[in-house]
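These notes are about the structure you will find just below.
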Amino acid sequence: MIYQNFIKPSFDLIAALIMLIILLPVFLTIVIALALTQNNKVFFTQQRPGLNEKPFYLLKFKTMNDKRSRTGELLPDMERMHKTGRFLRKTSLDELPQLINVLKGDMSFVGPRPLLMEYLPLYNAIQRRRHSVKPGITGWAQVNGRNALSWKEKFELDITYIEKQAFILDLRILFMTASGLFQTKNVNAGKQETMPTFTGND
C-alpha cells in the first residue's frame with residue numbers, strides 16, 4: 001500500500017512535470033499544426049470516470065474533425081480522421097495532453113484506461129473494480145494488445161493489473177509502452193480507427 005498511496009503519486013507528479021518541460025517544443029508544434037489545419041480546434045475533452053468512478057475531463061489532441069452527414073449525424077471515424085490526427089494516433093502523441101491530467105491528480109501514468117461514462121451501468125461487479133485505482137495513460141491491456149483485444153480480454157487484463165500492482169510491474173509497462181510507441185499494429189481494432197462501443201456483457 002505504501003507504493004500505491006505514496007510512492008506512485010509522487011512519481012507521477014514529478015515525472016509528468018519533467019516530461020511536460022522536456023516535451024514542450026513537441027507539444028507546441030502539435031498545437032500550432034492543429035490550429036492551422038483544423039480551424040483552431042486543438043483539444044478533445046470528454047468526461048470520463050476516474051478513481052472511485054468520480055468524473056473528470058480527459059484531455060487529448062483532437063484527431064478527428066466534426067464533419068456530419070446531411071441528416072446531421074457524425075460521419076464514421078475513418079472519414080473524420082485527418083492526416084495529422086492519424087499520425088498522432090499511430091505515434092500515441094494524441095495522448096500527450098494527459099500529462100496535464102496526471103499533474104492535476106486525475107490520472108496516473110499506469111492504470112486501466114479511462115472509458116466512457118455511459119459504460120458504468122454496463123459493468124459487472126468484477127469489471128467495476130477497474131475504478132478502484134486511478135486511470136492511466138497506459139496500462140497492462142495497452143501493452144498486451146490494445147485495440148486488437150476484445151472488451152472481455154481488456155477488462156480481464158485491467159483486473160489482473162489491479163491485483164498485481166507493484167513498482168516492478170509499472171516499470172515493465174512503461175518500458176513496453178516506450179518501446180512500442182512507433183509500432184502501429186494494435187492501434188486500430190480491425191478496420192475501425194477506434195474500439196467498437198461496449199454494449200455490456202452477454
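No hydrogens, no waters, no symmetry mates; every other heavy atom, side chains included, goes into these values. Positions are given from 1, in the same order as the sequence printed here.
Annotation: side chain of Trp140 is not in contact with side chain of Glu156 (no heavy-atom distance under 4.5 Å). Contact of the Arg130 side chain with the Lys154 side chain is not registered, since no non-hydrogen atoms from C-beta on lie closer than 4.5 Å. By the 4.5 Å heavy-atom criterion applied to side chains, Leu28 and Leu24 are counted as neighbours. The side-chain heavy atoms of Trp151 and Thr199, taken from C-beta on, include no pair separated by under 4.5 Å. Side chains of Asn201 and Gln127 form a contact here, defined as non-hydrogen atoms less than 4.5 Å apart. Side-chain atoms of Lys104 and Phe56, non-hydrogen and from C-beta on, never get closer than 4.5 Å to each other.
Shortest non-hydrogen contact noted between Leu58 and Pro114 is CD1-CG, 3.9 Å. When every heavy atom of Asp12 is checked against every heavy atom of Val102, the shortest pair comes out as O-CG1, 3.5 Å. Closest of all the heavy-atom pairs between Thr63 and Met81 is O-SD, 3.2 Å. Contact record, Asn65 with His82: N-CD2, 4.0 Å, taken as the closest heavy-atom pair. Here the closest heavy-atom approach between residue Phe43 and residue Pro97 is recorded as CE2-CG, 4.0 Å. Listed here is the closest heavy atom pair of Val42 and Val31: CG2-O, 3.8 Å.
Of the inter-residue distances, the one linking Gln98 atom CD with Leu103 atom CG reads 12.5 Å to the nearest 0.5 angstrom. Distance check, rounded to the nearest 0.5 Å: CD1 of Ile168 to CD1 of Ile173 gives 12.0 Å. Taken to the nearest 0.5 Å, the CD1 atom of Ile100 stands 14.5 Å off from the NZ atom of Lys60. Here the straight-line distance linking atom CG of Asn144 with atom CD of Gln142 works out to 9.5 Å at 0.5 Å rounding. With values rounded to the nearest 0.5 angstrom, Arg129 atom CZ is found 13.5 Å from Tyr161 atom OH. One finds the NZ atom of Lys8 at 11.5 Å from the CZ atom of Phe167 (value rounded to the nearest 0.5 Å).
No single ILVMFWY cluster, assembled from side-chain heavy atoms under 4.5 Å apart, contains both Leu116 and Phe44. Residues Ile159 and Leu169 share a hydrophobic cluster, clusters being chains of Ile/Leu/Val/Met/Phe/Trp/Tyr side chains in contact below 4.5 Å. Follow the hydrophobic side-chain contacts under 4.5 Å out from Ile7 and you never reach Val133; the two are in separate clusters. Both Leu20 and Met107 sit in one connected hydrophobic cluster of ILVMFWY residues. Membership requires side-chain heavy atoms under 4.5 Å apart, directly or through other members. Residues Phe109 and Ile18 are members of separate hydrophobic clusters, defined by side-chain heavy-atom contacts under 4.5 angstrom among Ile, Leu, Val, Met, Phe, Trp and Tyr.
In terms of modelled atom types and a separation under 3.5 Å, the side chain of Arg113 and the main chain of Ile137 share a donor-acceptor contact. A donor-acceptor pair under 3.5 Å is formed between the side chain of Asn101 and the backbone N or O of Leu59. Checked by atom type and distance alone, the side chain of Asp170 never pairs as donor or acceptor with a backbone atom of Gln165 at under 3.5 Å. Distance alone, capped at 3.5 Å, places no donor-acceptor pair between the Glu163 side chain and the Thr160 backbone. With hydrogens and angles ignored, the 3.5 Å screen pairs no side-chain donor or acceptor of Asn39 with any backbone N or O of Lys41.
Annotation: ring pair (Phe, Tyr, Trp, His ring centres under 6.0 Å) contacts of Phe27 (sequence neighbours excluded): Phe61. In this view, Asp106 satisfies the side-chain hydrogen bond (donor to acceptor under 3.5 Å, both in side chains) rule with no residue, not counting sequence neighbours. With sequence neighbours excluded, the residues forming a salt bridge (Lys or Arg N to Asp or Glu O under 4.0 Å) with Lys62 are Asp66, listed by chain and number. The salt bridge (Lys or Arg N to Asp or Glu O under 4.0 Å) test applied to Arg68 returns no partner, not counting sequence neighbours. Remark: Glu73 pairs with Ser69, Thr71 by the side chain to side chain contact (heavy atoms under 4.5 Å, CB included) rule, at least two apart or across chains. Every residue meeting the salt bridge (Lys or Arg N to Asp or Glu O under 4.0 Å) condition with Arg128, not counting sequence neighbours, appears here in chain and number order: Glu53.
For Tyr3, the OH atom is densely surrounded, since the number of other residues' heavy atoms within 6.0 Å is greater than 12.
Taking the six-membered ring for Trp and the full ring otherwise, the centers of Phe198 and Phe155 sit less than 6.0 Å from each other.
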message = Determine whether Ser150 and Glu153 satisfy the following criterion, side chain to side chain donor-acceptor pair (under 3.5 Å), listing intermediate values before the conclusion.
response = CA-CA 5 Å; Ser150 68; Glu153 291 169 326; 3.3 Å; yes
